[in-house]
Amino acid sequence: MSRPVLSTHVLDTSSGTPAVGLFVELYKKREDAWTLWHSTATSGDGRVQFPFSRDSMAPGTYKLKFNVEDYYKKSEKTTQYPFVEIVFKTEEGAHYHMPLLLSPFGYTTYRGS
């Protein structure tokens, strides 16, 4: 199986576990507007591998939107951040892994491998 063009992995650092069932939306910027491209939830290990090939995911500006507030409501926790959005640019032929380290009052992201 070949590597996906885009993937993410979300870890809940407040519990030390993967963020299971976190709703994630992928948007593509077209001119001055965002177009919803795909929506899903993280798997049992906190991961999403988006179903796009190198041909279908053209270079451009994209956004991952994580529904943090609903995720924490399931465990009766509050959060400072109702949503976390990661905006990034892609180039042709590259793989993008966009991890998110999450807690109710902070988050970190970086380009993974």
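The analysis underlying the following values was restricted to heavy atoms, covering all of them including side chains, and did not include hydrogens, waters or symmetry mates.
Atom-to-atom distance recorded for His95:NE2 and Met57:CE is 10.5 Å, nearest 0.5 angstrom. Distance OG/Ser39 to NZ/Lys65: 11.5 Å, rounded to 0.5 Å. For the atom pair CG of Leu102 and CG of Leu11, the computed distance is 9.5 Å after rounding to the nearest 0.5 Å.
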Side-chain donor/acceptor pairs under 3.5 Å, residues 22-32, sequence neighbours excluded:
from	atom 1	to	atom 2	distance (Å)
Glu25	OE1	Tyr27	OH	3.0
Lys28	NZ	Tyr62	OH	3.4

Cut-off 3.5 Å, no hydrogens considered: what does the side-chain donor-acceptor table look like for residues 78-92, sequence neighbours left out?
from	atom 1	to	atom 2	distance (Å)
Thr79	OG1	Tyr81	N	3.2
Thr79	OG1	Pro104	O	2.7
Thr90	OG1	Gly60	N	3.1
Thr90	OG1	Gly60	O	3.4

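In this structure Asp45 satisfies the salt bridge (charged side-chain N to carboxylate O under 4.0 Å, His left out) test together with Arg47, sequence neighbours excluded. For the side-chain hydrogen bond (donor to acceptor under 3.5 Å, both in side chains) test, no residue two or more places apart in sequence or in another chain qualifies with Thr61. The side-chain hydrogen bond (donor to acceptor under 3.5 Å, both in side chains) test applied to Thr108 returns no partner, not counting sequence neighbours. In this view, Asp12 and Ser14, Tyr71, Tyr72 satisfy the side-chain hydrogen bond (donor to acceptor under 3.5 Å, both in side chains) rule, not counting sequence neighbours.
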- Item | Verdict with supporting geometry, Trp37 and Phe52, ring pair (Phe, Tyr, Trp, His ring centres under 6.0 Å) | CA-CA 10 Å; Trp37 238 36; Phe52 302 112; 4.7 Å; yes

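Taking hydrophobic clusters as Ile, Leu, Val, Met, Phe, Trp and Tyr residues chained together by side-chain heavy-atom distances below 4.5 Å, Val68 shares a cluster with Met98. The cluster map of Ile, Leu, Val, Met, Phe, Trp and Tyr, joined by side-chain heavy atoms under 4.5 Å apart, puts Tyr107 and Leu101 in different clusters.
Under the 4.5 Å side-chain criterion, counting only non-hydrogen atoms from C-beta, Ser43 is not in contact with Gln49.
Cluster note: Val20 groups with no other residue, as no ILVMFWY side-chain heavy atom lies under 4.5 Å from it.
Remark: the backbone N or O of Val48 is not paired with any side-chain donor or acceptor of Thr42 at under 3.5 angstrom.
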